[in-house]
Amino acid sequence: MSAYRTATGYSLLAQAKNRLALILLAVFVPLWITVAKTVATPALFPFRLRASGEVLHAGGDKITMISGSLNAVSLLVGFWMFSAARRTSAFDRRLAAAGYPRGALLAAKLTALLATATVVSAYAVAWMLLYWRPLQPGLLVLAVLAASLIYGAMGLFLSLFLPGEVEGMVAIIMTSIIDLAPQNPVAATTANNPLITLLPSYGSLQTALQAGFTHRLTVTPLANSLAWLAALSAIALAAFMRRTRVHTASTARRPSLSGY
């Protein structure tokens with residue numbers, strides 16, 4: 001437990017030291033939501049909610065604000081986790097080789113992911129509440145959190161395979177565009193295509209639209225989010241375990257975590 005607490009503290013410290021991510025959180029998220037609210041048309045737009053099959057009518061600005069917020073938090077949390085994991089990867093390997101429990105390192109990364117995603121999601125929803133009152137604010141927070149966790153896990157996953165932060169950022173941006181652009185019921189004619197149910201943010205967007213414009217609670221779409229989160233997390237954690245595998249017994253003293 002002591003190893004977990006120590007590793008978690010330094011993982012959170014590594015997140016807090018990412019000044020670019022903090023600036024993006026303070027500026028990028030509210031700017032994206034504000035632009036979506038002010039530029040998109042407030043005219044009512046009919047669309048079919050695939051989660052329940054019902055046809056809803058909602059302002060185009062509110063729909064775009066939901067889609068934009070999911071896009072913003074996905075990019076930010078994905079980049080944040082990718083950057084932190086890249087910066088500490090070499091030190092993680094040295095810690096594991098010196099005998100530090102890999103389970104504690106893994107649990108610390110998952111805790112940092114949850115903490116980062118929760119803060120970013122709450123911040124994004126708080127900004128949306130300045131412009132609009134969704135019918136189910138709590139469900140909206142859950143929907144945004146699901147998207148944040150998926151892309152945070154994706155950032156951890158990509159950090160183990162891509163050589164630098166530029167490559168990671170480009171991969172996350174392109175994935176987010178391919179993921180969310182076809183699902184926007186205002187901008188895309190493909191929003192009713194059954195293939196969109198396979199996209200990472202399908203569950204989050206459907207749940208967010210449901211939270212914003214209905215009093216229903218259909219959690220089925222979140223199964224999609226949980227499947228993506230479980231798959232990306234499992235692959236990332238398996239790759240981490242393989243990268244930090246100790247092939248020979250080490251008698252070295254357990255090192256300090258000051259290298260974070």
Side-chain angles (χ1 to χ4, degrees), residues 47-56 58 62-63 65-78 81-82 106-107 109-122 124-125 128 134-158 171-172 174-186 188 190-240:
F47 67 96
R48 177 173 171 262
L49 184 67
R50 294 188 61 89
S52 62
E54 62 185 312
V55 176
L56 303 177
K62 297 179 179 65
I63 297 174
M65 188 164 53
I66 288 175
S67 178
S69 66
L70 291 178
N71 198 189
V73 300
S74 297
L75 293 174
L76 179 55
V77 177
M81 296 306 301
F82 178 89
L106 287 172
K109 291 184 182 300
L110 293 178
T111 302
L113 168 58
L114 179 59
T116 302
T118 300
V119 170
V120 174
S121 301
V125 172
M128 280 194 280
L135 296 179
Q136 300 185 75
L139 187 60
L140 181 60
V141 173
L142 182 61
V144 178
L145 178 60
S148 299
L149 289 172
I150 289 172
Y151 275 81
M154 188 180 297
L156 292 176
F157 166 78
L158 293 174
I172 292 169
M174 294 306 298
T175 301
S176 180
I177 292 174
I178 295 171
D179 179 13
L180 283 163
Q183 297 190 61
N184 189 333
V186 173
T190 57
N192 288 324
N193 191 304
L195 291 179
I196 68 169
T197 61
L198 302 177
L199 296 174
S201 294
Y202 167 77
S204 295
L205 183 57
Q206 289 291 303
T207 303
L209 292 172
Q210 183 181 187
F213 310 115
T214 76
H215 290 285
R216 295 178 180 272
L217 178 59
T218 305
V219 297
T220 304
L222 287 178
N224 171 279
S225 299
L226 291 175
W228 273 98
L229 178 60
L232 289 171
S233 298
I235 296 172
L237 296 183
F240 177 84

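Quick caveat: nothing in here was measured; it's all calculated off a predicted structure.
Contact between A236 and A153 at its shortest, heavy atoms only, is CB-O, 4.5 Å. In this structure, M128 and M65 approach most closely via the heavy-atom pair CG-CG, 3.9 Å. Summarising the geometry of A143 relative to A208, their closest heavy-atom pair is CB-N, 3.6 Å, with the distance given to 0.1 Å. Summarising the geometry of G152 relative to L113, their closest heavy-atom pair is CA-CD1, 3.5 Å, with the distance given to 0.1 Å. Considering every non-hydrogen atom in both I196 and P182, the closest pair reads CG2-O, 4.3 Å. Heavy-atom minimum distance, R50 versus T197: NE-CG2, 3.8 Å.
Side chains of Q183 and S201 form a contact here, defined as non-hydrogen atoms less than 4.5 Å apart. No side-chain heavy atom of L56 sits under 4.5 Å from any side-chain heavy atom of Q210. Side-chain atoms of I63 and F213, non-hydrogen and from C-beta on, do get closer than 4.5 Å to each other. Using a 4.5 Å cut-off on side-chain heavy atoms (C-beta onward), T207 and L142 make no contact. A heavy-atom distance below 4.5 Å is not found between the side chains of V125 and L145. Looking only at side-chain heavy atoms (C-beta outward), L49 and R216 stay at 4.5 Å or farther from each other. Using a 4.5 Å heavy-atom cutoff, the side chains of V73 and L76 are not in contact. The shortest side-chain heavy-atom distance between L205 and L199 does not fall under the 4.5 Å cut-off.
Among V120, L149, V119, the one residue that satisfies the side-chain contact (heavy atoms from CB on, under 4.5 Å) test with V77 is V120.
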Chi angles and distances behind the side chain to side chain donor-acceptor pair (under 3.5 Å) call for S121, S148: CA-CA 7 Å; S121 301; S148 299; 2.9 Å; yes
side-chain contact (heavy atoms from CB on, under 4.5 Å) assessment of Q206 paired with N224: CA-CA 10 Å; Q206 289 291 303; N224 171 279; over 6 Å; no
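Here the CD1 atom belonging to I66 is positioned 12.0 Å from the CG atom belonging to L180, to the nearest 0.5 angstrom. To the nearest 0.5 Å, atoms OG1 (T175) and CE (M154) are separated by 5.5 Å. For the atom pair OG (S176) and CD1 (I150), the distance works out to 11.5 Å, reported to the nearest 0.5 Å. Between the NZ atom in K62 and the CG atom in L209 there is a gap of 13.0 Å [rounded to 0.5 Å]. To the nearest 0.5 angstrom, I172 atom CD1 is 11.5 Å from F157 atom CZ. The CH2 atom of W228 lies 8.0 Å from the OH atom of Y151; values are rounded to the nearest 0.5 Å.
A donor-acceptor pair under 3.5 Å is formed between the side chain of T118 and the backbone N or O of L114.
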